[in-house]
Amino acid sequence: MATDTLKSTSGASGASAVRRLLLDNGALTALIALVIAMAALSGDFLTTDNLLNIGVQAAVTAILAFGSTFVIVAAGIDLSVGSVAALSATVLAWLATSQGVPVWFAVIVSIAAGIAVGLVNGVMIAYGKLPPFIATLAMLSVGRGLSLVISQGSPIAFPSSVSHLGDTLGGWLPVPVLVMIVMGLITAVILGRTYIGRSMYAIGGNEEAARLSGLRVKKQKLAIYALSGLFAAAAGIVLASRLSSAQPQAAQGYELDAIAAVVIGGASLAGGTGKASGTLIGALILAVLRNGLNLLSVSAFWQQVVIGVVIALAVLLDTVRRKAGATPVAAGTGSPGNRGKQAATYLIAAVVAAAIVGAMSFVHGGSSSTASKKVGLSLSTLNNPFFVQIKKGAQQEAKKLGVSLTVTDAQNDASQQANQLQNFTSSGLGSIIVNPVDSDAAGPSVRSANKADIPVIGVDRGVNKAETAALVASDNIEGGKLGAKALAEKLGGKGKIVILQGLAGTSASRERGTGFAEGLKAYPGIKVVARQPADFDRTKGLDVMTNLLQAHPDVQGVFAENDEMALGAIKALGSKAGKSVSVIGFDGTPDGLKAVKNGTLYASVAQQPTELGRIAVENALKSAEGKKVEKTVMVPVKVVTAQNVAGFTG
């Protein structure tokens, strides 16, 4: 009986030890499981190029998350890191290019800008007694606004000497990965080996107790938020280096990814726990998820759902861990024995990962003979009917030709599109079609495809400083000129108009606006009384137009750089639309054409998006098969009015 009891106890103890190991290393366990799942589902996942891609794609999020780790360990939050990243990169590019400042000094100023924003956050929180959520939310808006003001809404070319941060060493080791590792080591040292690191844990554990014990909490918070700003600035520089340009709209939403990486890595939003290694694992989990889901052709919309579920599960795991009595050890505070166990855990994880790589490489050893029939399409956004129509035309043609088409949505984020293009390149597709968020930012990723001998087709917008087999497009500048002519002639050559601009920094907005301005030169009687961005969005078009009408109630014409904004403007104008106020849109979307038929929209500069998608796939397949294609394929642009809308098919 005694022997049976001993065995039972030993077994229970073993099960408890395994359970405790999984709870204390939940993020690492999840990463290993995720790698196994993705490797089993996709033969392209465990290639060397793709694994390096994952490291590059995790780098910016990880660097931001390292800075956020300091804040979260101290029971704070920083929602401004994405805007600070964009601001710092914009400051660097603006100083080094427009102002002629030496690059080294511009780098120092840009980092100082990040630290300054962090200090302002710290002052508002520590001395102004603002909740961290409110203070950093305000700075999110301020930082983004300053970035747009400095850049005037347009991307700025990044200095070539700094752009090397986005390159590789020896032709294979990405510099962003090295920067990520260095920043991770710095984070680990600060958390585990310095006075300020110990202060973070003390403040996060119990701020009042920390204060009563003699800790200068307010000054420590200044330093903590300054560090967050510093790391955000570093992340912005790395991101801009990857894109070869500073994008004023870059890193939107990255603050949420950074927070998610920290939480997934085992830190608690209540403060007091967290470590650099956990944050790195959290960032890798997010990168592996996005990379794997791209390779598996999962919709970008579903990807957001999956990421949200993962974050929720991470918080749930934290709750379960605490209830189970698992106690994550603060960095640098554990006993030598615990640190040894942790090192052994990571070593075992590395061995398991290596075994998985070997096994899956054997399973997926065979190469596909139908690579030419696989095409990737990266669209700038699917939150716009015009690009949905491009997708529709591409899918119809792909089905007709027997092509396997993978479609991704960059959500108007140039860095996200760069990741998608890298994933396509490492997947060994026959060809790639890209509708760039920004022509300059897409260049580095397309050059990588060039090196891999994968033909790239540009659709609607070209790619700068890279080779494309063909460009299938209509002329945005010419379309802008046609829109100006149509509106001016409708108004009899004189009148007051407003312009609704698209998303700041996008090439489509710049080109359409440039064409419209050039077209108006022939009509000096037309006066532009206001121009405001509405981000290609119908709701924003409604709001902006409503506001403009308060200042300019006598406006007689509206030019919107896409149909969505035009439809919003029509809603704001009410009964004036199509009667006392003429509205012209751009794109020829189904809803826009319907409004033209109804008479509320005077005209739409139609680009035939379905035809753009169809021709792009046709040329992509020809290029993959080594056939000759025309360097430029122009799809005619036409102004569609009530007189010719019935015969327009789109």
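The structure presented is a predicted model; accordingly, all values stated were derived computationally and were not measured. Hydrogens, waters and symmetry mates are skipped; everything else that's a heavy atom, side chains included, is used.
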Next on the checklist: Would you say Ser228 and Asp78 are linked by a side-chain donor-acceptor pair, where the criterion is simply a distance under 3.5 Å?
Outcome noted: yes

Checklist entry - If you round to the nearest 0.5 Å, how far is CG of Asn294 from CG of Leu421? => result 10.0 Å

Checklist entry - Any idea which heavy atoms bring Ser415 and Leu239 closest together, and the distance? => result CB-CD1, 3.2 Å

Next on the checklist: Quick one: does any side-chain atom of Asn547 pair with a main-chain N or O of Asp543 as donor and acceptor, under 3.5 Å?
Outcome noted: yes

Next on the checklist: I need the minimum non-hydrogen distance between Val71 and Ile77, along with the two atoms involved.
Outcome noted: CG1-N, 3.2 Å

Checklist entry - How close do Val101 and Ala106 get, heavy atom to heavy atom, and via which atoms? => result CG1-N, 4.0 Å

Item to check | Thr90 side chain reached by Ile156 side chain, heavy atoms, under 4.5 Å | outcome: yes

Next on the checklist: Within the 4.5 Å heavy-atom criterion, are Val177 and Leu52 side-chain neighbours or not?
Outcome noted: no

Checklist entry - Out of Leu92, Ile237, Val91, which one pairs with Ile111 under the side-chain contact (heavy atoms from CB on, under 4.5 Å) rule? => result Ile237

Next on the checklist: Salt bridge check, Asp257 against Arg290: does any charged N sit closer than 4.0 Å to a carboxylate O?
Outcome noted: yes

Checklist entry - So, the side chain of Arg242 versus the backbone of Asp167: is there a donor-acceptor pair under 3.5 Å, distance only? => result no

Item to check | Set of ring-ring contact (aromatic ring centres under 6.0 Å, His included) partners for Phe536, sequence neighbours left out | outcome: none

Next on the checklist: To the nearest 0.5 Å, what is the distance between OG on Ser154 and CD on Gln249?
Outcome noted: 11.0 Å

Checklist entry - Is the closest side-chain heavy-atom distance between Leu34 and Ile285 below 4.5 Å? => result yes

Next on the checklist: Please report the interatomic distance CG(Leu280) to CG(Leu185), rounded to the nearest 0.5 Å.
Outcome noted: 9.5 Å

Item to check | Pair Asn383-Thr381, side-chain donor/acceptor within less than 3.5 Å | outcome: no

Next on the checklist: Rounded to the nearest 0.5 Å, what separates atom CD in Glu207 from atom CG in Leu212?
Outcome noted: 10.5 Å

Checklist entry - In Å, rounded to the nearest 0.5 Å, how long is the span from CD1 of Ile186 to CD1 of Ile181? => result 12.5 Å

Item to check | Sub-4.5 Å side-chain heavy-atom contact between Glu255 and Leu64 | outcome: no

Checklist entry - Short question: side chain of Thr279, backbone of Lys275 - any donor-acceptor pair under 3.5 Å? => result yes

Item to check | Heavy-atom side-chain proximity of Thr69 to Phe231 below 4.5 angstrom | outcome: no

Item to check | Under the ring-ring contact (aromatic ring centres under 6.0 Å, His included) test, residues paired with Tyr225 that sit two or more places apart | outcome: none

Checklist entry - Any side-chain heavy atom of Met200 within less than 4.5 Å of one from Leu227? => result yes

Item to check | Worked verdict on Gln252 versus Asn412 for side-chain hydrogen bond (donor to acceptor under 3.5 Å, both in side chains) | outcome: CA-CA 10 Å; Gln252 287 202 72; Asn412 278 323; over 6 Å; no

Next on the checklist: Could you report the tightest heavy-atom contact between Tyr201 and Leu191, atom names first, then the distance?
Outcome noted: CE1-O, 3.6 Å

Checklist entry - Looking just at side-chain N and O atoms, do Asn121 and Ser80 make a donor-acceptor pair shorter than 3.5 Å? => result yes

Checklist entry - Looking at Ala93 and Ala157, what are the two nearest heavy atoms and their distance? => result CB-O, 3.8 Å

Next on the checklist: Within the 4.5 Å heavy-atom criterion, are Val109 and Phe105 side-chain neighbours or not?
Outcome noted: yes

Checklist entry - For the side chain of Ser42 and the backbone of Met38, is there at least one donor-acceptor N/O pair under 3.5 Å apart? => result no

Next on the checklist: Run Met124 and Met139 through side chain to side chain contact (heavy atoms under 4.5 Å, CB included) and show every step you take.
Outcome noted: CA-CA 10 Å; Met124 289 192 293; Met139 194 53 67; 4.0 Å; yes

Next on the checklist: If you apply the rule side chain to side chain contact (heavy atoms under 4.5 Å, CB included), what do you find for Asn291 with Gln57, and how did you get there?
Outcome noted: CA-CA 9 Å; Asn291 175 272; Gln57 291 165 23; 4.0 Å; yes

Item to check | Polar contact flag, side-chain donor to acceptor under 3.5 angstrom, Asn50-Ser426 | outcome: yes

Checklist entry - Counting N and O atoms only, with roles assigned by atom type, does the side chain of Asp409 sit under 3.5 Å from a partner on the main chain of Gln411, one being a donor and the other an acceptor? => result yes

Checklist entry - Taking the side chain from Gln420 and the backbone from Ser378, do they hold a donor-acceptor pair closer than 3.5 Å? => result no

Checklist entry - Ser241 side chain to Val162 main-chain N or O, any donor-acceptor pair under 3.5 Å? => result yes

Next on the checklist: Taking the side chain as everything from C-beta on, heavy atoms only, tell me whether Pro444 gets closer than 4.5 Å to Leu243.
Outcome noted: no

Item to check | Pairwise distance OG(Ser199) to NZ(Lys221) - rounded to 0.5 angstrom | outcome: 12.5 Å

Item to check | Audit row: Leu79, Ile259, side chain to side chain contact (heavy atoms under 4.5 Å, CB included) steps and yes/no | outcome: CA-CA 9 Å; Leu79 299 177; Ile259 294 169; 3.8 Å; yes

Checklist entry - Does a sphere of radius 6.0 Å around OH in Tyr127 hold more than 12 heavy atoms from other residues, nucleotides or ligands, not counting ones at 6.0 Å or beyond? => result yes

Checklist entry - Can you check side chain to side chain contact (heavy atoms under 4.5 Å, CB included) on Phe133 and Ile125, steps first, answer last? => result CA-CA 9 Å; Phe133 183 92; Ile125 293 164; over 6 Å; no

Checklist entry - Considering all heavy atoms of both residues, which atom of Val81 and which atom of Ser68 are nearest to each other, and what is their separation? => result CG1-OG, 4.2 Å

Next on the checklist: When you measure from the side chain of Asn53 to the backbone of Gln422, do you find a donor-acceptor pair of N or O atoms at a distance under 3.5 Å?
Outcome noted: yes

Checklist entry - Can you check whether Gln247's main-chain N or O pairs, donor with acceptor, with Ser245's side chain at less than 3.5 Å? => result no

Checklist entry - Can you check whether Val107's main-chain N or O pairs, donor with acceptor, with Ser110's side chain at less than 3.5 Å? => result yes

